[in-house]
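Notes to accompany the following structure.
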Amino acid sequence: MAEERKFGWGPRQDNVLIGKSIQRIDGFEKVSGRAKYTADMNTPGTLYAKLLTCTHAHARLKKLDVEPAKKIPGVRAVYVFPAGDLKPEGSGEIFWDGTLIAAVAADRPEIAEDGVKAIIAEYEVLEHIVDEEDLAAAEAAKATKAVGKNAKGKVEDALKTAKHVHKGYYGVNTISHMCLEPHGTHCEWKADEVLDVHASTQNVSGLAGQFAGPLGIDAAKVLVTANFEGGGFGSKFAADEWGIAAAKMAKETGKPVKLMLDRATELKAAGTRPSGYIDVTLGADETGKIIAWDSHHWGSGGISGGAIPVGGVPYVFDFENRNRSATQLNCNVGPTRAWRAPPHPQLCILTHCAIDDLAAKIGKDSYDVFLHNLEQTAGTAPHLPATYKAEMEIAAKLIGWKEKWHPHGKDAGKGAIKRGLGMALHTWGGGAGGCACNVKIHADGSVESFVGSQDIGTGTRTIIAITLAETFGLPLAGIKVNLGSNKYPASAASGGSITVGGVSGAHRRAAQTALWKIFDLVAEKYKVDAGTLAAKGGSIVSGEKKICTWKQAAMLLGPMGLETKGEGPAEDGLTSSRVGGVQMADVSVDSETGIVRVNKFVAVQDCGLILDELTAKSQIYGGVIMGIAYALSEERVMDKKTGRYINADLQNYKLPRIGDIGEIIVDIYQPDSEYNRGVIGLGEPPVISPGAAISNAVANALGVRVPVVPLTPQRVLAALSKKGGAA
Amino acid sequence: MKNFEFASPQTESEAVGLLQDHGGRTAVLAGGTDLVGLLQADLVAPERVVDVRQIQSMQGVRRDADGLWVGVLTTLDEVMASPLLKPYLSLVQVADAHHAIQIQSSGTLGGDLCHLPNCWYYRNGYGLLAMQDGESLVQTGDNRYHAILGNSGPAKFVNASRFAPALIAWGAKVRIIGPAPDQVEVVPLEYFYVSPKSANQGNTILKPGQLISHIWLPAVEPTHVSATYEVLQLEGLDWPLASASVTLDVEGGVVRAARVVLGHVAPTPWVSLEAASILRNQMVSEDLANAAGAAAVSKATPLSNNEYKVQIAKTAVKRAVLKAVGQLEGGL
Ligand SMILES: Cc1cc2nc3c(=O)[nH]c(=O)nc-3n(C[C@H](O)[C@H](O)[C@H](O)COP(=O)(O)OP(=O)(O)OC[C@H]3O[C@@H](n4cnc5c(N)ncnc54)[C@H](O)[C@@H]3O)c2cc1C
Ligand code: SF4
């Protein structure tokens with residue numbers, strides 16, 4: 001053994017797979033429909049469950065009679081959720097439209113629906129408050145709570161000495177996660193009281209306990225499987241009350257039960273991203289350096305908290321003098337869950353729209369004002385100012401900022417259509433999550449791995465295969481990746497962009513450990529120095545010389561092959577954290593109809609070492625598309641009159657289609673310095689900036705701020721008429 | 001969804017017969033793109049569904065002495081492909097603007113004309129008039145997509161049909177059959193729609209047991225031009241915030257006759273005589289089109305949260321006029 005063996009990635013130029021554009025290894029299964037999602041599970045005898053939900057925003061359940069449902073032929077079980085349980089004195093108060101009351105399991109979905117309809121539920125309707133933006137009304141209704149306040153420096157003095165002061169109001173409405181595959185499980189009790197759960201989850205290794213507790217069984221008796229997942233975005237970490245309901249009804253009936261949320265309930269009950277509104281004053285000195293920030297923000301995450309905390313603004317930047325406070329509105333709206341990069345998209349809008357307007361007030365190009373203030377992002381991470389500067393330059397070139405930019409509202413074009421440019425920037429941690437895995441090299445040289453992680457559509461399987469194949473010098477087809485079961489070594493939930501670092505680090509460690517063992521055996525057998533050995537192209541080589549094939553080397557392991565463990569995270573340089581990212585939007589606004597279209601969107605993103613450039617770019621495209629959705633059309637509409645989530649359907653919950661997206665240009669910022677940082681997660685950062693970048697571009701086009709996102713025709717026209725008519 | 005009988009007649013009279021049973025609690029199924037959703041949501045709960053798609057006579061487009069007979073089963077795709085319908089540009093533009101392959105291949109003209117309102121109170125089970133305790137939910141609720149014209153009565157939804165404005169601007173009629181076996185009526189489409197005054201009234205003149213079989217269109221003169229301008233937030237599978245269709249008779253650059261019809265602004269398609277009279281005997285210009293738009297919305301009475309639709313409707317009229325004469329530039 002010549003040199004000390006250390007975990008690490010190989011020299012960048014030697015990589016055969018890492019950093020290349022590789023299609024997902026499960027792509028064919030998915031597009032051909034062979035991939036089985038939870039919603040596809042239909043084992044023999046499966047019962048279908050449907051839900052009764054409350055359609056009032058605030059009410060007291062006076063009576064619940066489920067007996068009529070039980071009498072319907074084909075109905076096998078009725079389950080009453082805690083909200084429907086009238087037992088404890090004083091219970092029965094319902095706080096939001098969509099609250100789950102009861103579930104019915106039946107032989108056929110339509111029989112279950114008949115069962116739901118047969119249930120008698122009587123309510124006393126109570127006063128509700130669902131307007132998340134109207135702070136004064138919420139205060140009058142005593143439905144607010146201060147959630148924090150802090151100060152730094154001397155804001156008042158700074159604002160007095162400031163050359164430029166801007167006061168603004170900004171906001172972003174609540175959205176739902178809108179997972180294509182709704183939340184749900186298929187639960188089946190097997191021999192020995194083992195509960196076999198197929199779940200649409202981001203948390204394979206963490207779910208067993210959540211089922212075991214309420215069911216009164218050992219976690220060891222819960223088998224959790226999630227092979228494919230139709231979207232989670234942060235909303236699928238829990239067993240959830242509907243998961244427990246399915247398990248209990250399966251137990252009661254002795255049959256498998258599948259309970260997937262219907263679309264309306266998916267939108268209402270399974271997670272939302274909380275709203276945020278801000279009153280903010282900024283001050284800048286004569287050079288455009290921001291020296292003061294004074295803000296109060298509010299919003300709602302539902303009746304039991306979850307609003308945007310006080311600490312997040314100003315976003316990415318911090319200023320010498322800064323006051324901030326926050327208030328939570330306790331509205332009768334469904335609860336929040338983590339939504340892709342919580343709550344950065346909102347913070348980015350609340351901060352970077354204000355900076356953009358300040359730049360306009362100073363009379364400067366927003367680009368220059370962002371650039372001039374980059375040093376004030378160093379508090380988030382010392383390397384960020386330099387990264388942002390480099391990324392801004394690239395993004396500006398790609399979108400043609402210098403050629404196309406004009407002062408706000410000064411588009412030279414005649415006609416109703418106005419064009420504009422806007423930008424924003426973001427940051428995210430994305431450090432490696434906890435992960436344990438086993439890598440098994442069979443005596444015939446085939447390779448298998450096992451990890452209790454999940455592929456939530458992000459390409460986890462593929463990057464594990466790439467990591468192992470690169471390490472062993474094998475083709476991708478030589479690797480079998482097993483994940484999505486809690487019987488494999490435990491791995492963290494996929495949230496916070498921690499999965500790629502978690503699994504790639506652990507698998508690299510396991511693979512290098514195995515490889516070194518193999519090198520030692522080869523060295524002994526073929527009388528070469530183990531320190532000179534490398535695995536390449538299906539062989540073990542020493543410099544230019546081929547020593548033996550991979551298969552011959554594997555044979556040296558004996559009939560049992562070799563199994564190694566990998567763990568993480570570790571401070572060994574394989575993974576790191578903290579990225580930046582800059583995005584720019586080029587939009588057209590029809591000033592007579594208020595319609596906004598994105599012409600071009602540029603996303604420049606750093607993320608350390610890229611394992612698969614194709615899946616990395618896909619994450620960015622997906623993030624930008626989701627961003628354009630919440631920037632322009634997507635929002636939860638709470639009807640003040642009925643207190644209901646009135647657009648909880650796929651028609652009025654407006655999601656863009658590809659034709660609404662425009663051209664997206666993705667550029668991954670990956671100089672060697674980034675490669676050398678190791679792997680960093682990427683799932684979340686690209687979804688953060690679109691709201692602010694697009695809002696800024698619209699402001700640039702029109703010369704007036706449309707304060708609240710999404711920028712619907714209604715809001716655009718309202719802003720224009722306030723300004724005094726079409727631009 | 002409630003269980004129902006399913007019938008698939010081959011002829012119009014069979015269909016009429018099948019619609020009479022169960023006290024008229026029957027429903028016509030065409031492409032089914034909306035009806036199936038309504039059935040699933042129990043918003044329509046018939047005892048029998050009569051699938052009319054096998055009826056040959058209700059398909060295709062035929063010419064007669066002074067116009068066209070268009071079977072109501074004509075799909076949106078067929079509207080785009082039909083050589084006979086090609087001169088009716090404003091119609092073809094609507095079919096194209098759906099931008100939804102599934103809807104275009106199975107949705108029919110008849111289904112579009114009889115499409116129940118998309119009002120979210122109606123679709124959430126509050127009834128067509130959305131009345132609760134004698135009070136209109138729309139009046140003080142979220143009415144961002146509701147009517148800005150003709151909304152002083154109890155109905156405040158907007159008519160859902162996307163083709164009706166263009167058809168009415170062309171002077172189309174509908175052929176209604178039933179409820180008696182050989183009963184036939186041909187009615188100007190303009191008079192087909194009603195703004196219901198009470199909860200048990202529908203939004204068309206169709207009585208239980210009736211259906212529409214054909215649309216009649218007058219022949220196109222060489223001097224006729226037409227256009228539809230729909231303001232859509234999304235590029236496809238979306239309902240217009242407002243739309244306008246115009247048919248103009250232009251001779252030597254001067255408008256001799258004009259029909260201007262707005263969609264999605266009132267409980268019925270909205271014929272604007274004001275806009276038409278602005279256009280008559282004038283040369284079309286941007287200013288004239290603008291004035292027509294302003295005239296069309298001059299009597300608008302927006303609700304608490306839909307003032308913006310006035311501006312949108314006005315723009316739709318202006319742009320439809322300019323589009324008809326090939327003068328429209330820009331627009332998103
Ligand atoms: C998910 C989805 C989204 C959609 N979104 C949009 C959208 O955003 N914009 C849009 O413009 N369209 C949309 N549509 C399309 C809409 O359904 C179409 O307008 C279509 O043309 C309806 O035609 P159909 O033949 O499918 O109607 P059906 O669903 O068969 O019928 C519609 C209604 O008309 C009645 N009916 C049908 N034929 C007759 C007849 N001959 N006589 C009397 N009554 C009749 C039916 O009983 C029913 O009440 C959507 C459809 C779906 C499924
Ligand atoms: S999304 Fe498209 S392909 Fe999928 S079910 Fe709907 S219509 Fe069919």
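Numbers restart at 1 for each chain; the letters A, B, ... are given by sequence-line order, proteins then strands. Note that these values count all heavy atoms, side chains included, but never hydrogens, waters or copies made by symmetry.
- Side chain of N143(B) to backbone of H146(B): no donor-acceptor contact under 3.5 angstrom is found.
- No side-chain N or O of H99(B) forms a donor-acceptor pair with one of Q104(B) less than 3.5 Å apart.
- When heavy atoms are compared at a cutoff of 4.5 Å, V716(A) does not approach chain B at all.
- Of the atoms belonging to S588(A), heavy atoms from both backbone and side chain fall under 4.5 Å from chain B.
- Heavy-atom distances place both the backbone and the side chain of A100(B) under 4.5 Å from chain A.
- Side-chain atoms of N306(B) never come within 3.5 Å of backbone atoms of K309(B) as a donor-acceptor pair (strictly under, hydrogens ignored).
- Residue contact with chain A, scored on non-hydrogen atoms closer than 4.5 Å, is absent for R123(B).
- Counting heavy-atom pairs closer than 4.5 Å to chain B, the top residue among K641(A), Q714(A), K640(A) is Q714(A).
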Exercise. Between K50(A) and D262(A), does a salt bridge (charged side-chain N to carboxylate O under 4.0 Å, His left out) hold up when you go through it step by step?
Worked result: CA-CA 8 Å; K50(A) 295 283 172 186; D262(A) 54 87; over 6 Å; no
For this session: Starting from the C-alpha separation in whole Å, work towards a yes-or-no answer on salt bridge (charged side-chain N to carboxylate O under 4.0 Å, His left out) for D42(B) and K117(A).
Result: CA-CA 10 Å; D42(B) 280 321; K117(A) 267 181 260 164; 2.7 Å; yes
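- A distance-only check finds a donor-acceptor pair linking the side chain of N159(B) to the backbone of S161(B) [under 3.5 Å].
- Among L241(B), N118(B), N3(B), the residue with the largest count of heavy-atom pairs under 4.5 Å with chain A is N118(B).
- Of the listed residues (D649(A), I646(A), T55(A), I417(A)), the greatest number of heavy-atom pairs within a distance under 4.5 Å of chain B belongs to I646(A).
- Note: K318(B) leads Q132(B), E329(B), K318(B) in heavy-atom pairs under 4.5 Å with chain A.
- Within the 3.5 Å criterion, the main-chain N or O of H128(A) finds no donor-acceptor partner in the side chain of N332(A).
- No part of K314(B) comes within reach of chain A, as not one of its non-hydrogen atoms sits under 4.5 angstrom from that chain.
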